[in-house]
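Presented below is the structure to which this report refers.
The figures here come from the full heavy-atom set of this structure, side chains too, leaving out hydrogens, waters and symmetry mates. When a residue number appears, it is its place in the shown sequence, counting from 1.
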Amino acid sequence: MGGIGKTTLASSIYNDERIKKNFSIHVWACVSKEFSEIKLLKDIIRGAGGEYKEDETKAELVPRLSSILSKRFFIILDDIWRTELWEDLLRIALENATANGKIVITTRCINVAKHMRAEIHHVDKMDDDSGCELLRKKVFGDDEEEEGEISSLREIGVKIVEKCDGLPLAIKAIAGVLRSKKKSTMGWNMVLESDAWSMSRLEEELPGALFLSYEDLPSDFKQCFLYCSLFPEDYPMNRDELIRYWVAEGFVRRTQRDTIMEDLAKDFCRELIGRNLLQPCDEFGHLSDVAGNYCKMHDLLRSLAHSLIRDESIFLGDHEQSPNTNPLSKLRRLSMVNTGERLEVPDAIKQQKCLRTLLVWNSYETKMVENEVFKKLRFLRVMDLSSTRLESLPDSVGDLLHLRYLNLRWSRIKELPESIGCLVNLQLLNLVSCRSLHTLPKAITKLYNLRCLRLEGTSLTHVPKGIGKLKHLNHLEGFVIGHDVRRDDEGCDLKELQSLSQLRFLEINRLERTQPAGAPVFANSRFLKTLILNCKEQEDDAEATAIQKIDTIYTDLSPQSTHLHRLEINYFFGTRFPSWMMSTSLHVSFPNLTEITLSVCKSCLQLPPLGLLPHLKSLYIYEAEAIKTIGPEFLGPRASSAATSFPKLEVLWFWWMSNWEEWSFGMVEGVGEERRRAPKLLPRLMRLTLYTCPKLRALPEGLQHATNLQELTICRADNLKEINNLPSLKYLKIGDCPRLEQVENLDKLQVLIVILSRSTETSTTDADGRTEHLPQWLLELLQNAPTAMQNLKKFKVRCSLPLLKTFLKDGPNWPIIQLIPQVEMEDFVQLNRSSLYIRYAKDPPSFETNVVESEESMDR
């Protein structure tokens with residue numbers, strides 16, 4: 001039975017700490033009815049932490065999967081419908097795996113489970129009490145103040161739950177309806193007594209609660225919900241891409257004032273998630289409690305949507321060519337999977353000549369689209385040919401005068417025809433990762449209704465002059481600035497951007513090729529939310545004139561938008577960050593900035609006063625090679641007062657800071673009144689990463705006042721000597737810190753991960769020969785663990801094979817790890833063999849290893 005909670009139960013098992021403790025490899029794979037063998041194998045390989053490289057066939061991918069499963073694995077195969085999946089595809093790969101593991105499947109078909117010789121556990125329907133609690137939680141959340149309201153509605157709530165027949169999916173869907181109603185007896189009774197519970201036209205397996213939840217949607221939302229069924233089953237839908245489909249289809253009405261249609265469509269998406277009609281997930285389809293960038297549709301809700309749109313929309317599965325539709329119906333939307341080398345639309349649909357939407361999925365072999373397709377589909381509004389092997393489009397694409405959405409992402413397209421300039425209604429052109437595309441036709445500047453142009457990952461030498469005429473652009477990604485000296489046609493300069501007042505997202509490439517604008521470039525871009533500025537990486541040190549020029553260019557950029565949320569600066573080779581970043585009124589200019597990345601800014605001697613930003617949550621700094629000292633200037637001028645620096649910062653990364661020696665907050669520890677008046681530092685910092693900072697001598701005095709710091713990763717900090725006094729730290733990873741002497745006062749530490757190179761291990765020579773030892777700081781830390789680190793749950797280490805052997809039972813280091821709840825140890829991977837390991841769990845007791853006492857016996 002669908003919607004009973006099989007996937008939810010499997011997800012709970014998958015995320016259980018005991019599973020994480022006992023299995024090194026964890027994989028979740030969504031299978032579904034329309035699964036692709038190649039895609040499924042690739043998903044499992046990627047989920048196991050491997051790479052499939054150039055492998056594209058079953059014969060190549062199956063043995064690769066076997067080799068990647070080299071450690072104890074736990075795999076969930078969600079929603080299996082056919083026994084062939086196991087017998088013809090996965091059985092050999094998993095039975096020949098290097099290591100052992102466990103496999104959990106979910107299926108509605110008991111014969112599938114029996115054929116796979118699985119131990120079967122039936123998921124029962126939810127009892128009324130549990131159902132009422134689920135309904136209460138989904139409608140009211142954890143608000144205890146509404147207890148009186150809840151009591152007055154409990155009797156009606158029980159009756160509603162009974163109508164849901166113990167199906168959690170139905171209860172969640174009805175909860176979404178109730179959340180949108182007044183919390184009154186009258187409002188809830190209207191839901192209870194709705195005729196939609198017993199709609200006879202629904203398929204028998206679909207609960208009436210799902211149709212009721214659909215019927216309760218406003219008309220605009222209904223179209224958006226139904227459209228999601230055109231995606232493959234269990235497909236993780238990117239929310240930013242989904243809303244572009246809705247806008248192109250005309251589901252979102254034009255708005256007034258400053259709100260654009262895409263913003264309104266985001267509200268639609270949030271509402272569908274809030275009503276439990278779409279499920280938040282990550283990019284791989286794993287369900288999530290937090291709404292992020294992806295969502296998917298439960299297969300029962302997808303079946304409901306298919307039943308409601310079958311007269312105008314159709315989804316053709318793998319190699320399914322003939323639509324089974326009412327001959328009197330006129331199909332508006334066609335979604336196809338794995339179309340083969342030649343994209344062919346069924347004749348019955350071409351003859352109707354009324355198709356508006358053509359979506360192609362998982363069609364990696366498709367190389368050709370014939371002219372006839374475009375000639376007979378003149379009313380197309382949306383066409384998605386992404387991830388195909390198409391190298392060109394026919395000139396007849398220019399006849400699609402109604403086309404609003406054209407997606408060629410990850411195709412092999414080499415050029416676009418000039419006739420594309422005839423697509424005067426086109427709103428979106430997606431060319432992301434079209435790596436064979438070097439130029440754009442000049443006619444692209446005629447697409448006056450274009451709202452989104454995505455060029456990131458192409459090989460474009462320039463963008464034709466005239467982009468500034470596209471006044472409706474709100475998303476411009478991978479915009480190549482400047483003129484290519486190898487070509488006659490002229491490229492764009494910064495002045496083109498001054499007329500694009502609707503921009504919300506802007507990424508500029510090759511900034512070093514342009515000339516200073518002489519005026520603020522973004523004076524009219526007051527709604528800009530994301531700004532990414534890229535120069536080309538400089539192979540040699542830049543000349544003084546080039547540095548002066550790039551400094552002026554960046555100064556002229558000067559974003560004027562107080563809506564800016566995200567800022568990235570990559571490969572900037574100026575000697576100083578632009579004045580608008582170094583300003584002491586940074587918090588006034590950018591009050592809503594939440595994420596900053598500064599990458600490969602090799603010549604800048606000082607970081608901006610980013611501690612002033614009131615809403616900054618994530619800060620990533622990479623390869624700032626000229627930085628030697630980070631001091632109070634990083635916090636801002638308020639550092640000397642009692643104001644809070646970095647008040648909202650949660651994540652802080654420093655990577656490849658090769659000359660960074662000193663990190664200071666400028667604090668002198670005081671007592672009493674002096675301490676109370678000191679600046680508050682990083683009150684919300686949760687994760688700190690320091691990677692390849694070889695000259696850094698110490699962590700800053702005062703870091704212990706970052707009382708929310710839970711995760712610390714430090715790798716390749718050659719001169720660091722101490723890590724201590726971090727009272728809230730739960731996770732610590734240390735890698736290759738040869739001068740480390742002391743790690744202590746980490747009372748709440750739960751996970752300790754250590755990577756030891758030869759330089760960090762010590763050895764002595766006695767009568768029995770050379771003996772490897774742990775570094776002294778780690779030896780003391782582990783010996784004191786039962787008292788000093790009472791919360792330690794997991795210890796992982798990678799070390800040399802001689803040292804690894806000392807942790808075998810009866811080895812000299814075995815007593816050190818014996819009291820730790822979970823231990824995972826392995827040696828460094830060798831080219832001629834898999835890594836050797838020791839795995840130990842205290843309760844229930846288990847010890848597993850593939851290490852043998854002597855290397856000679858191991859090599860035989």
Measure up the His26 and Tyr14 rings against each other and bin them: parallel (under 30°), tilted (30 to 60°), perpendicular (over 60°). perpendicular
Flag the pair [X] / [Y] as yes when at least one side-chain heavy-atom distance between them is below 4.5 Å, and no otherwise.
X	Y	result
Asn570	Ile532	yes
Leu272	Phe268	no
Ile103	Leu77	yes
Arg333	Leu226	no
Asn850	Tyr837	yes
Ile120	Lys114	yes

For the side chain of [X] and the backbone of [Y], is there at least one donor-acceptor N/O pair under 3.5 Å apart?
X	Y	value
Arg404	Ala248	yes
Ser11	Thr7	no
Ser67	Arg64	yes

Run the side-chain hydrogen bond (donor to acceptor under 3.5 Å, both in side chains) check on Asn338 and Asn362 step by step: do they pass? CA-CA 5 Å; Asn338 196 359; Asn362 303 333; over 6 Å; no
Determine whether Thr388 and Ser363 satisfy the following criterion, side-chain hydrogen bond (donor to acceptor under 3.5 Å, both in side chains), listing intermediate values before the conclusion. CA-CA 6 Å; Thr388 62; Ser363 297; over 6 Å; no
Salt bridge flag under 4.0 Å for residues [X] and [Y]:
X	Y	result
Lys296	Asp234	yes
Glu826	Arg798	yes
Arg239	Glu241	no
Lys414	Glu391	yes
Arg244	Asp240	no

What verdict does the side-chain hydrogen bond (donor to acceptor under 3.5 Å, both in side chains) test give for Glu249 and Thr357, after you've listed the backbone C-alpha separation in whole Å, the side-chain angles of each residue and the deciding distance to 0.1 Å? CA-CA 8 Å; Glu249 290 280 1; Thr357 300; 2.3 Å; yes
Which of Tyr691, Trp655, Trp653 passes ring-ring contact (aromatic ring centres under 6.0 Å, His included) with Tyr620? It is Trp653
Spatial distance of atom [atom1] ([X]) from atom [atom2] ([Y]) [nearest 0.5 Å]:
X	Y	atom1	atom2	answer
Ile309	Gln223	CD1	CD	11.0 Å
Glu51	Ile68	CD	CD1	8.5 Å
Thr849	Ile838	OG1	CD1	4.5 Å

For Phe315, is the NZ or CZ atom of Arg302 found under 6.0 angstrom from the centre of its six-membered ring and inside 45 degrees of the ring axis? yes
More than 12 foreign heavy atoms under 6.0 Å from [atom1] of [X]: is that the case here?
X	atom1	result
Asn100	CG	no
Ile92	CD1	no
Glu848	CD	yes
Glu415	CD	no

Exercise: do Glu650 and Ser618 side chains pair donor with acceptor under 3.5 Å: no
Where is the tightest heavy-atom contact between [X] and [Y], given as atom of each residue plus distance?
X	Y	result
Phe284	Asp282	N-OD1, 2.9 Å
Met336	Leu343	SD-CD1, 4.4 Å
Leu169	Leu300	CD2-CB, 3.8 Å

Can we call the ring centroids of Tyr227 and Phe251 under 6.0 Å apart? yes
Would you say the ring centers of Phe231 and Tyr245 fall short of 6.0 Å from each other? yes
Have a look at Leu403 and tell me which of Arg356, Arg381, Met383 forms a side chain to side chain contact (heavy atoms under 4.5 Å, CB included) with it. Met383
Exactly one of Ser386, Ser387, Ser335 should register a side-chain hydrogen bond (donor to acceptor under 3.5 Å, both in side chains) with Trp361. Which one does? Ser335
Show the numbers, then the answer: is there a side-chain hydrogen bond (donor to acceptor under 3.5 Å, both in side chains) between Asn293 and Glu283? CA-CA 8 Å; Asn293 292 329; Glu283 61 183 306; over 6 Å; no
